Number of protein chains: 2
Amino acid sequence: MSHMVYTCLMPLDRDHVLRRAAALLTRKSTATMDEVARSAGISRATLHRHFAGRDALVRALESLGIEECEAALDTARLDEGPASDAVRRLVREIEPAAGLLAFLYGENQLFEGEGQNEGWARLDARIAALFRRGQESGEFRIDLTPAWLTEALYGLVASGAWAVLDGRVATKDFQFMITELLLGGALRREEP
Amino acid sequence: MSHMVYTCLMPLDRDHVLRRAAALLTRKSTATMDEVARSAGISRATLHRHFAGRDALVRALESLGIEECEAALDTARLDEGPASDAVRRLVREIEPAAGLLAFLYGENQLFEGEGQNEGWARLDARIAALFRRGQESGEFRIDLTPAWLTEALYGLVASGAWAVLDGRVATKDFQFMITELLLGGALRREEP
DNA sequence: ACCATATGAGACATTCGCGTCTCATGACGG
DNA sequence: CCGTCATGAGACGCGAATGTCTCATATGGT
């Protein structure tokens, strides 16, 4: 029997395939199942053995993205310390998943219909809660709703991921550009 | 003969079709040619008479989006007055095209390959010049590059359009949310 | 050495959207 | 009243991608 193969190699392989798929689909969202398979170094047949179909693959990517985001939120400890620092930690931790997130963000077909993953709602709630905490503590302005700030965070992360992918922004500037714009905006701060 | 039909009705019709196509494709970027036609109230045959194929349709939408953006930039008079006011005017003028822009922004296949419309480069240059002007006048901070601010503007406009489409943000708040976040950020301003 | 299993390669039918075609209809101008 | 032209409806073939299948191979454990 090969139960050890099941419990040790398989998940690694599946994860590897998912990550390559994410990387490819981020650049070319219309990539073929065959292209995805080649990109992961396996054959189309094997890809179909792991994922029932393209839909199942995208769903798996969605779950992976949600998992990574939730892990990032956990690591970022959103409810500790100043809210602005928590936002910085959040962006830093979420950066590795930015590409995948950008792909899923553009896959708007996921968000229509009733079958949408409730993980997004959980993420939205946690991030919005962070912004609300910052508002209640007086750190953040109250005339921008937490829902919009959450939306804007997603949008900026996706924009940043694409800009990095296209070479318009350096990878090392990713976190700085997003957090500084999101928190401080483009205007010069008055010297205190 | 019906030359008057050509010069009067046709352009209106074509424009109408393009706008309906933009509205539909913004929500469902994988919409069928048949769905686009139905959405515009015409048959698939007529749609194919106006646009050689799906690719031509998307290219026409791209040109329309660029035209509307350039018109918005013209109306906004980016080189007059304080740069922050110019940004506010820019967002206000660009709002009607936000949905179309969001669709094109997600159509990343347009930006790969050499056949990309040079109109985007013109728009990028004009918007980046605005941010640079703001930096040189001391209004904007200099640690966020004009290229990134331009990218972020696109991303926020797209995010805003989608948020409005999904009912997460009120239409009347669109301009305020974007300009305030882009210019001022989420942090509370110190009272001067 | 033997067997089980995952894999790769390839064939196959199916589905789906696209692009083109024809024909009938209706509107509009001469 | 008649001709022209755009349109709608529908049929048709094509190509691409998908999903399923079989078979040969290699790897790894017994």
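Note that the coordinates shown come from a computational prediction; the quantities given were computed from them, not determined experimentally. Chain naming here is simple, since letters A, B, ... match the order of the sequence lines and numbering starts at 1 in each.
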Rounded to whole Å, the CZ-P distance (B:Phe51 to C:dT20) equals 15 Å
N/O to N/O distances under 3.5 Å, protein versus nucleotides 19-26 of chain D:
unit_1 : atom_1 : unit_2  : atom_2 : d
D:dG19 : OP2    : A:His48 : NE2    : 3.3
D:dG19 : OP2    : A:Arg54 : N      : 3.2
D:dG19 : N7     : A:Arg44 : NH1    : 3.0
D:dG19 : O6     : A:Arg44 : NH2    : 2.9

Atom CD1 of A:Ile42 and atom P of D:dT27 are separated, to the nearest Å, by 18 Å
**Asked** Do the ring planes of B:Tyr105 and A:Trp162 sit parallel (below 30°), tilted (30 to 60°) or perpendicular (above 60°)?
**Response** perpendicular
Rounded to whole Å, CG of B:Leu47 lies from P of C:dC18 at a distance of 9 Å
Of B:Leu73, B:Leu78, B:Leu153, B:Thr150, the one forming a side-chain contact (heavy atoms from CB on, under 4.5 Å) with B:Leu130 is B:Leu78
- Got a salt bridge between B:Arg89 and B:Glu80, using NZ or NE/NH1/NH2 to carboxylate O under 4.0 Å? no
Atom CZ of B:Arg38 and atom P of C:dG17 are separated, to the nearest Å, by 13 Å
Rounded to whole Å, CG of B:Leu57 lies from P of C:dG19 at a distance of 10 Å
message = Is a donor from one side chain sitting under 3.5 angstrom from an acceptor on the other, for A:Ser159 and B:Glu151?
response = no
- [ ] Answer yes or no: does a side-chain N or O of A:Ser43 lie under 4.0 Å from OP1 or OP2 of C:dA9?
- [x] no
note: A:Arg14, atom CZ; C:dA6, atom P; distance rounded to Å ~ 15 Å
| Hey, are B:Glu136 and B:Arg132 close enough for a salt bridge, meaning a charged N less than 4.0 Å from a carboxylate O? | no
Practice item. Please determine if A:Glu35 and A:Lys28 form a salt bridge, counting it only when a charged side-chain N lies under 4.0 Å from a carboxylate O. Key: yes
Atom NZ of A:Lys28 and atom P of D:dA17 are separated, to the nearest Å, by 8 Å
| query | Distance check: side-chain N/O of A:Thr46 vs OP1/OP2 of C:dT7, anything under 4.0 Å? | reply | no
